[in-house]
Asks: 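Provided herewith is a single structure, encoded as structure tokens, for subsequent inquiry.
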Amino acid sequence: MKKSLAIIGAGPSALAAAIYTTREDIPTVLYEKGVVGGLAAITDKVENYPGFPSGVEGMILANQFQSQAERFGADIEFGEVSSVKKLNNAIEIIVDNKPILADAVLIATGSSYKKTGMPGEDDFYGKGVHYCATCDGAFYRDKKIAVIGGGNSAIQEAIFLTRFASHIDLLVRSKIRASDVLQKELKKYIDEGKITVHLKTTPQKILSLEGKINGIEINQEDDIKQLEVEGVFVFIGLNPNTGFLQGSGIELDEQGLIKTNSRLETNIPGIFASGDVRSGATMQIASAVGEGASAALSIREYLESQKH
Ligand SMILES: Cc1cc2nc3c(=O)[nH]c(=O)nc-3n(C[C@H](O)[C@H](O)[C@H](O)COP(=O)(O)OP(=O)(O)OC[C@H]3O[C@@H](n4cnc5c(N)ncnc54)[C@H](O)[C@@H]3O)c2cc1C
């Protein structure tokens, strides 16, 4: 009997892996609890995926990934995986309370960006409220924006966004927790007047006019103010989608992302991880796809080795 692969998730990384494994004649089933195409499918416009010089709608890109994987025989099933367990001769995953056995498993469940929960955040998701500076920063050339967060990633991304934005209001809940090096660099932008830091500040709500963001209301030590901005970038952390791996024995890093070796294999032989759920991932579609392809080649090698 042919050795099989179960992929958890059907985002870009999973679909890229499936294109490779199905072409290698490895029976491949993907289990998806939400939207096929993952975060890419809910992204308005993707401007940095190679091969699309004028950009591409996230949903269209996701549909293309799906069609290509299905053309070679990938089977996409809807269901939520709640556990992964290595048995003697197989790996068991539980999908909607049903046990499924496979010879290898790829975990490609991605990560969710933490939200502030303020009113308007969801309404303007991807259309004024953003979670990725590399992806969406260029939309704010010569515009005023707000950045929310005080950790390393928020400071790093705020500095990156100075390439585009004319001014950045940096909203920090308590104090800045970034490294000394980053804080020194930040000071240069503060001195130039490019970034204004608001400490002890919580965002209250997104303000808008005719369907477009025109400001943000903030609370700074009980003083309610309104700042004029056209975009808001939120960098308050990530929630890797790895809760279901509790008790699996799969090693995670301190953020909860899956640790792998250079072959994208976890500490448990036969269980691989790729894309935004992997420790060290760069949280981009192109890299998630690249990792999916690399994982597929490692999986092929692993399954070959199990035949003898
Ligand atoms: C608003 C926004 C805009 C972005 N814009 C860009 C951009 O312009 N360019 C760019 O390169 N990147 C962009 N990104 C980042 C990009 O979308 C991600 O890096 C990419 O989608 C990661 O792919 P992935 O397959 O690793 O994970 P995901 O896309 O997160 O897919 C994971 C899938 O796994 C499923 N899943 C999770 N847990 C389970 C479970 N237990 N059982 C079954 N299924 C499960 C999820 O439902 C999801 O569909 C953007 C992200 C956001 C949020």
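For ligands, and for the atoms within them, numbers begin at 1 and follow the listed sequence. Keep in mind it's a predicted model, so treat the numbers as computed, not measured.
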Asks: Please could you name the atoms of ligand 1 that A288 approaches to less than 4.0 Å, counting only its heavy atoms?
Replies: 22 (C), 23 (O), 26 (O)
Asks: For the 3.5 Å polar cut-off, considering only N or O atoms, please tell me whether P12 and ligand 1 meet it.
Replies: yes
Asks: Which one holds for D276 and ligand 1: side chain close, backbone close, both close, or neither close, with close meaning a heavy atom under 4.0 Å?
Replies: both
Asks: Give yes if a backbone or side-chain nitrogen or oxygen of E32 is under 3.5 Å from a nitrogen or oxygen of ligand 1, and no if not.
Replies: yes
Asks: Which of the listed options, V81, L61, V277, holds the heavy atom that is closest to atom 42 (N) of ligand 1?
Replies: V81
Asks: Just distances here: any N/O of N241 and N/O of ligand 1 closer than 3.5 Å?
Replies: no
Asks: N/O of C132 under 3.5 Å from N/O of ligand 1, yes or no?
Replies: no
Asks: Counting heavy atoms only, name the option from A108, A10, G9 that's nearest to atom 32 (C) of ligand 1.
Replies: A108
Asks: Do D103 and Q306 have side-chain N/O donor and acceptor atoms under 3.5 Å apart?
Replies: no
Asks: Can you pull out every ring pair (Phe, Tyr, Trp, His ring centres under 6.0 Å) where at least one residue sits in residues 38-63? Sequence neighbours excluded, please.
Replies: Y49-F65
Asks: Is any NZ, NE, NH1 or NH2 atom of the basic residue among D191 and K187 found under 4.0 Å from an Asp or Glu carboxylate oxygen of the other?
Replies: yes
Asks: What pairs of residues pass the salt bridge (charged side-chain N to carboxylate O under 4.0 Å, His left out) test when at least one of them lies in residues 236-262, not counting sequence neighbours?
Replies: E251-K259
Asks: Quick one: does any side-chain atom of Q220 pair with a main-chain N or O of K200 as donor and acceptor, under 3.5 Å?
Replies: no
Asks: Sub-3.5 Å donor-acceptor pair from the side chain of N152 to the main-chain atoms of S179, do we have one?
Replies: yes
Asks: Please check whether Y131 reaches ligand 1 - meaning an N/O of the residue sits under 3.5 Å from an N/O of the ligand, judged on distance alone.
Replies: no
Asks: Which residue owns the protein heavy atom closest to atom 14 (N) of ligand 1, what's the atom, and how far is it?
Replies: C135 SG, 3.6 Å
Asks: Under 4.0 Å from any heavy atom of G38, which atoms of ligand 1 are there?
Replies: 29 (O), 31 (O), 48 (C), 49 (O)
Asks: Any idea which protein heavy atom is nearest atom 2 (C) of ligand 1, and the distance to it?
Replies: T43 OG1, 3.7 Å
Asks: Quick check on contacts: which atoms of ligand 1 are under 4.0 angstrom from a heavy atom of M283?
Replies: 15 (C), 19 (O)
Asks: Quick check: does S274 get an N/O under 3.5 Å from an N/O on ligand 1?
Replies: no
Asks: Is any side-chain heavy atom of L257 less than 4.5 Å from a side-chain heavy atom of S111?
Replies: yes
Asks: Q156 versus F235: any side-chain heavy-atom pair under 4.5 Å?
Replies: no
Asks: Starting from atom 29 (O) of ligand 1, what is the nearest protein heavy atom, named by residue and atom, and what distance separates them?
Replies: L39 N, 2.9 Å
Asks: Do you know which of T201, V197, V147, I148 makes side-chain contact (heavy atoms from CB on, under 4.5 Å) with V172?
Replies: V197
Asks: With nothing but distance in play, are any N or O atoms of S13 less than 3.5 Å from an N or O of ligand 1?
Replies: yes
Asks: Counting heavy atoms only, which of V95, L245, T109, N48 is nearest atom 38 (N) of ligand 1?
Replies: T109
Asks: Classify the contact between S82 and ligand 1 as side chain, backbone, both or neither, using a heavy-atom distance cut-off of under 4.0 Å.
Replies: neither
Asks: At less than 4.0 angstrom from any non-hydrogen atom of V35, what atoms of ligand 1 do you find?
Replies: 49 (O)
Asks: At less than 4.0 angstrom from any non-hydrogen atom of G275, what atoms of ligand 1 do you find?
Replies: 26 (O)
Asks: Looking only at distance, does V46 have an N or O less than 3.5 Å from an N or O of ligand 1?
Replies: no
Asks: Would you call K115 and E121 a salt bridge, using N to O less than 4.0 angstrom?
Replies: no
Asks: Can the ring centres of Y131 and Y125 be said to be less than 6.0 Å apart?
Replies: yes
Asks: Can you tell me which portion of I42 lies within the under-4.0 Å heavy-atom range of ligand 1? Options are side chain, backbone, both, or neither.
Replies: neither
Asks: Could you say whether the N/O atoms of D136 and ligand 1 ever approach to under 3.5 Å?
Replies: no
Asks: Report yes if some N/O of I285 lies less than 3.5 Å from some N/O of ligand 1; otherwise report no.
Replies: yes
Asks: Tell me whether I100 is reachable from L245 by hopping between hydrophobic residues (I, L, V, M, F, W, Y) whose side-chain heavy atoms are closer than 4.5 Å.
Replies: yes
Asks: Check each of K225, Q226, Q204 against E217 using the side-chain hydrogen bond (donor to acceptor under 3.5 Å, both in side chains) test, and report the only one that passes.
Replies: Q226
Asks: Counting heavy atoms only, which part of Y113 comes closer than 4.0 Å to ligand 1: side chain, backbone, both or neither?
Replies: side chain
Asks: Which of the numbered atoms in ligand 1 are under 4.0 angstrom from any heavy atom belonging to Y31?
Replies: 43 (C), 44 (N)
Asks: For the backbone of S13 and the side chain of S274, can you confirm whether one donor and one acceptor N or O come within less than 3.5 Å of each other?
Replies: no
Asks: Taking atom types as modelled, is there a side-chain donor on N241 or S112 under 3.5 Å from an acceptor on the other?
Replies: yes
